[in-house]
Amino acid sequence: MNIYRLVNLSTRLLVLFSISIIFHSCRSILPPALPLAQSHSSETASALTADSQGGFVRMPDSRVRVKSIHGPDSIELEIRTADTLTLRSLLINGMSVWLDPEAGRNAKFGVSFPAARAEMMRRQEEIIREHEETRRRRLEQDDTIPRPIPFNPELWVEALQDRQPVVRDNSGTRFAERRNAQIFLDKNGELVYRIRFAFSQLGISGEDHQRLSVGVVSELHRAQLASPGGGGVATRPDISDRDRRQQPRTAQPQQRPVRMNLIPVETWMAFLINEEMPEEKEKENKREVRDMDDVYR
């Protein structure tokens, strides 16, 4: 009997030890928890104007600020940046705002804003064609290269306002209504995105759900603006005629594709809806936003 109890106890201890190892192993491979921020109730949103940060929080590892305001049926997000490099990257590469009701990093529900990259390339090609046409009319050699169009945020924001963002929710994929997805520059030149998402689109209840995460993602594309020579495309040399290849060639100015400094943006944060933010964490978020604002002054 004593031997039976001893074996039984050893078996239980072995099972508990195995469960403990599995639990800690699973924890080690899980992604780290997302930073927390408070989503503000629509009933108290009017008081945010008195707040020096206006209710915005800084998204981690980025120059992007986000404010979340929720009501009983929907959540409204305002995404802002005044950082020149981030602003340029979001416009040229396009930007998606994702909402994960599981407070993770699942890019299933959200709104994707179009990229200005294709429009910029098209307009640059128009300038190149006009330049070539001028050369032909003058019937003279002109080795000058047309300057690339300058990056004017107002121009590209205006162009993107004529193109509809795409919304993805539990009903599928479609174009977003303008009132639910907007992009503009404010009077200070800050880039602003505003989106509205109904909780029903996420399959949750705004009255009961505790938290959800928000992701701001802008993937870095390697596409280049076209140069007069069509730059950026490598071609194999013509080896069919050796004599012609050995003839001296007239030196031509090197024409390189137009490049712009861009960065990828991928940042996530969990927003509390029916949970209260710890006071110390709220103060920390405000300090981060204040420090980032000081950079732009």
Side-chain angles (χ1 to χ4, degrees), residues 23 26-27 30-62 64-81 95-113 165 167-173 176-177 179-182 192-217 265-290 292:
F23 175 75
C26 291
R27 288 189 61 184
L30 290 176
L34 295 176
L36 294 178
Q38 187 71 56
S39 178
H40 306 281
S41 168
S42 57
E43 299 176 354
T44 60
S46 58
L48 296 179
T49 55
D51 182 4
S52 59
Q53 279 76 46
F56 284 91
V57 294
R58 176 181 175 179
M59 298 289 282
D61 303 319
S62 74
V64 175
R65 297 178 298 156
V66 174
K67 176 171 64 177
S68 171
I69 297 178
H70 67 274
D73 302 319
S74 63
I75 184 169
E76 295 183 6
L77 299 171
E78 184 169 317
I79 298 96
R80 287 178 170 263
T81 185
M95 189 266 282
S96 295
V97 182
W98 302 109
L99 298 95
D100 184 359
E102 300 298 327
R105 299 174 183 266
N106 190 353
K108 181 179 179 181
F109 305 118
V111 177
S112 295
F113 291 85
V167 60
R168 296 174 176 84
D169 58 16
N170 56 13
S171 297
T173 302
E177 297 182 12
R179 63 187 179 91
N180 293 331
Q182 303 174 14
V192 182
Y193 295 86
R194 283 180 181 164
I195 73 167
R196 177 184 175 276
F197 227 78
F199 287 122
S200 59
Q201 293 177 263
L202 302 171
I204 61 176
S205 168
E207 297 180 352
D208 303 324
H209 205 73
Q210 297 298 308
R211 65 178 67 179
L212 58 80
S213 57
V214 174
V216 178
V217 180
V265 177
E266 183 174 0
T267 177
W268 288 82
M269 177 172 279
F271 284 84
L272 305 182
I273 299 176
N274 291 307
E275 293 183 57
E276 291 296 327
M277 172 72 68
E279 184 177 352
E280 186 58 34
K281 180 60 179 176
E282 185 71 20
K283 292 180 179 179
E284 179 183 341
N285 287 342
K286 289 184 177 181
R287 283 197 301 268
E288 290 182 355
V289 174
R290 184 173 60 251
M292 187 170 70

Nearest-0.5 Å distance that lies between atom OG in S68 and atom CG in L212
7.0 Å
Is a side-chain N or O of N274 found less than 3.5 angstrom from the main chain of H209, in a donor-acceptor match?
yes
Starting at NE2 of H70, measure out to NE2 of H40 and round the result to the nearest 0.5 Å.
9.5 Å
Using every non-hydrogen atom in the two residues, find where A45 and I69 come nearest and quote the distance to one decimal.
CB-CD1, 3.8 Å
In Å, rounded to the nearest 0.5 Å, how long is the span from CH2 of W98 to OG of S112?
4.0 Å
Can you see which heavy atom on L34 is nearest to which on G104, and at what distance?
CD1-O, 3.4 Å
Is the backbone of Q38 close enough, under 3.5 Å, to the side chain of E276 for a donor and an acceptor to pair up by distance?
no
Under the ring-ring contact (aromatic ring centres under 6.0 Å, His included) test, residues paired with F113 that sit two or more places apart
Y193
Kindly give the heavy-atom pair with the smallest separation between T267 and P60, and that separation in Å.
OG1-O, 2.8 Å
Go through the steps for I79 and V214 under the test side chain to side chain contact (heavy atoms under 4.5 Å, CB included), then give the verdict.
CA-CA 11 Å; I79 298 96; V214 174; 5.8 Å; no
dist S205:OG -> I273:CD1 (nearest 0.5 Å) comes out at 9.5 Å
Residue pair M269 / P35: nearest heavy atoms and the distance that separates them
CG-O, 3.4 Å
With sequence neighbours excluded, what pairs up with D100 under the side-chain hydrogen bond (donor to acceptor under 3.5 Å, both in side chains) test?
none
Could you grab the distance from atom CD1 of I204 to atom CZ of R211, nearest 0.5 Å is fine?
13.0 Å
Is N170 reaching over with its side chain to a backbone N or O of S200, donor-acceptor style, under 3.5 angstrom?
yes
Is the backbone of V64 close enough, under 3.5 Å, to the side chain of T81 for a donor and an acceptor to pair up by distance?
no
Find out whether M59 and V265 are in side-chain contact, i.e. whether some heavy atom of one side chain is under 4.5 Å from a heavy atom of the other.
no
Do other residues, nucleotides or ligands put more than 12 heavy atoms under 6.0 Å from E102 CD?
no
Sorted by chain and number, sequence neighbours left out, salt bridge (Lys or Arg N to Asp or Glu O under 4.0 Å) with E78 holds for R80, R194
Using a 3.5 Å distance criterion without hydrogens, assess whether the side chain of N180 forms a donor-acceptor pair with backbone atoms of F197.
no
Of the non-hydrogen atoms in G71 and F199, which two are nearest, and what is the gap between them?
O-CE1, 3.3 Å
Could you report the tightest heavy-atom contact between L48 and G55, atom names first, then the distance?
CD2-CA, 4.0 Å
Are V216 and S62 close enough that some pair of their side-chain heavy atoms sits under 4.5 Å apart?
no
Quick check for you: to the nearest 0.5 Å, what is the distance between S74 atom OG and Q201 atom CD?
9.0 Å
